[in-house]
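This one's a predicted model, so the numbers in the text were calculated from it and none came from an experiment.
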Amino acid sequence: MNTLNRRFYKHAAKDYGLGRSKVAAPIRHTRKWLLGVGLLALASGLILDTSLTHLPATPSLVENDANALQPLKINQPAIEFLSPESDTLVTIATQTLVDINTPPQKTPEGVGAALASNLTAPVVSKPAVTVPVVTPAKPIPSKRAVNVAIKRGDTVAKIFEKQGFDATLLHDIMDNKSARSALTKIHPGQTLKFTINPTNELIGLEYNINELERLVIDVKNGQAKANLVKRDVEELLTFAKATIDDSLFMASEREGIDHNITLELARIFGWDIDFALDIHRGDTFSVIYEDRYIDGQRSTPGDIIAAEFVNQGKVYRAIRYESPTGQVDYYTPEGHSMRKAFIRTPVEFARVSSKFNPHRRHPILHTIRAHKGVDYAAATGTPVRATSDGVIAAANTQKGYGKVIEIQHGKNYSTLYAHLNGYAKGITKGTTVKQGQIIGYVGMTGMATGPHLHYEFRVNGVHKDPLTVELPNSDPIHAKHKPQFLAHVSDVLEQLSNYQNVELAQVSDNPLTPAEQDA
């Protein structure tokens, strides 16, 4: 190397930390100095360790790293390598500086020397290779569930066809008695849960028949196996008692009695007590019923076992009894059926707005005109129920009464329902109806000052007061079952009495203060 090259190498080496002598870079030597820089870069590239060629995919300089070389303001191309002290990418330029009037930027003293001591092997230049990133494919599930909501008009056969399942498999499923009994009685709003394999073949079916029973069907090798699974139910006898201050439902709610129990209580005593007219403040009721827990969770309560209602001082008692023939009903302690041939009111919990009165002044005509029935004030659209089994004798519009339904109950009894807003589906002349069946809806058609139901009760064609007429009873306990029934009644009434005595004792131990009594 001649003297001139040594001088320029010395200049470049000092600026990159590879020499010790302090050398200035006068402007007149700029071009020669740059030539030396290029030679230095080429010489460095030949001795780089091959292990330094493994660079990060997206390298970057750390500006505040004291051990890293500071970047020069240069144009590419350049030679790049990693600093062994800080793993930071180092760039050595091989072309012209941007500003030739500015002295080259210097790196921290000693860094270049440290680099030089580690540059031992030549660099082999290779083209960049892009390695594609392969995202692992998600595993295909071995099975999947499809929930199908049952709609009006649906059958299992239609659902199977729509889902593309084999009709032969459905025939195999329906050969099972439990499956056939459940799947032929599906209802809108329920759900069928199908389990399907990756080839869209049915391998399972579940159907919740009710809250207690579930149908489970497994399909293997094209063969269906059905099982009826019954949930674990625990029934506990529960006693409740309430005093009425305002209404039956509000009294029940205060005592935490389930709404369904209150409704059933009203139905049991509905033949004897008019809950729209007869309820008074101070009336009380007691009830023993089944509190049910399904899989440890409280569920809809079961049946009422016994109940007592004290209405204006008169005591009514009802006992649930299942005869040896399987017939279940509620009876008085003497064995008379609580179920009368007629229920007392055709509209549940409505208000009596006008009573039976042969001398009433008509509110529209303003003349003395007999009111031959009872008016029940209720909102338009409130359901109206048949008070007994019978046949529709008329379902038409009559002058003054508006839309009317008349029912004939055997030879001696008939009822009339007037001012209706409309008729229930299927109610036409000649239709047979059952006690409690919805036949129409409250309205104000005809001569009416507001929405209400006008109800009449006739015996052999003569109008009777529906609120006081003596209603015929249903059949009592059969004589041959009477001894067994009376033994059952004795046990139940004793149980009811014990509950009431305990309740009374608890009240006596915790008497109310005068302020609480006034409240």
Side-chain angles (χ1 to χ4, degrees), residues 151-155 184-189 263-264 266-268 270-271 274-276 327-329 337-350 356 372-448 451-467 469-475:
K151 300 177 181 178
R152 185 178 298 277
D154 274 348
T155 64
T184 53
K185 299 176 183 177
I186 60 175
H187 300 287
L263 284 173
E264 184 62 20
R267 292 190 185 101
I268 291 172
W271 284 274
D274 186 336
F275 284 92
Q327 181 180 354
V328 178
D329 212 336
S337 176
M338 294 295 296
R339 185 185 299 276
K340 307 296 189 293
F342 290 84
I343 56 177
R344 184 63 70 177
T345 56
V347 183
E348 292 182 344
F349 312 114
F356 182 88
K372 299 179 180 180
V374 174
D375 289 348
Y376 292 93
T380 299
T382 301
V384 176
R385 302 177 185 274
T387 54
S388 184
D389 297 352
V391 177
I392 302 294
N396 54 23
T397 300
Q398 298 182 14
K399 185 177 180 181
Y401 276 173
K403 292 183 179 179
V404 167
I405 292 176
E406 291 186 64
I407 303 177
Q408 188 67 39
H409 311 278
K411 293 182 179 181
N412 301 324
Y413 298 93
S414 65
T415 54
L416 179 141
Y417 313 77
H419 303 304
L420 298 174
N421 185 60
Y423 309 110
K425 184 178 179 180
I427 297 300
T428 58
K429 184 177 180 179
T431 303
T432 300
V433 294
K434 293 292 184 182
Q435 185 182 72
Q437 179 180 336
I438 296 175
I439 57 174
Y441 304 93
V442 170
M444 54 181 297
T445 56
M447 297 177 64
H452 71 281
L453 172 72
H454 175 79
Y455 173 63
E456 295 182 3
F457 190 94
R458 304 164 183 164
V459 181
N460 295 320
V462 179
H463 289 84
K464 301 290 184 181
D465 186 350
L467 301 178
V469 65
E470 188 72 24
L471 299 176
N473 290 323
S474 296
D475 295 335

Please check this pair: side chain of [X] against backbone of [Y], looking for a donor-acceptor N/O pair closer than 3.5 Å.
X	Y	value
Gln408	Tyr413	yes
Thr387	Pro346	no
Thr445	Lys403	yes

Least distance between heavy atoms, [X] atom then [Y] atom:
X	Y	value
Pro451	Thr380	CB-OG1, 3.4 Å
Leu420	Leu453	CD2-CD1, 3.9 Å
Val347	Thr382	CG1-CG2, 3.7 Å
Val469	Arg344	O-NH1, 2.9 Å
Asp375	His452	CG-CD2, 3.5 Å
Phe342	His409	CE2-CD2, 3.5 Å

What distance separates [X] [atom1] from [Y] [atom2], expressed to the nearest 0.5 Å?
X	Y	atom1	atom2	answer
Trp271	Arg339	CH2	CZ	4.0 Å
Ile427	Gln437	CD1	CD	5.0 Å
Ile186	Lys151	CD1	NZ	13.0 Å
Ile343	Arg385	CD1	CZ	7.5 Å
Met444	His454	CE	NE2	15.5 Å
Lys434	Ile439	NZ	CD1	15.0 Å

Any side-chain heavy atom of [X] sitting closer than 4.5 Å to one from [Y]?
X	Y	answer
Arg458	Leu416	yes
Thr428	Ile392	no
Glu348	Phe275	no
Thr345	Val374	no
Asp389	Ile407	no
Asn421	Val442	no

Sequence neighbours left out, what passes ring-ring contact (aromatic ring centres under 6.0 Å, His included) with Tyr455? Give chain and number order.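 Tyr455 satisfies ring-ring contact (aromatic ring centres under 6.0 Å, His included) with Tyr417 once adjacent residues are dropped.
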
Report yes or no: do Tyr401 and Glu456 form a side-chain donor-acceptor pair below 3.5 Å?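 The criterion, which ignores hydrogens and geometry beyond distance, is satisfied for Glu456 and Tyr401.
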
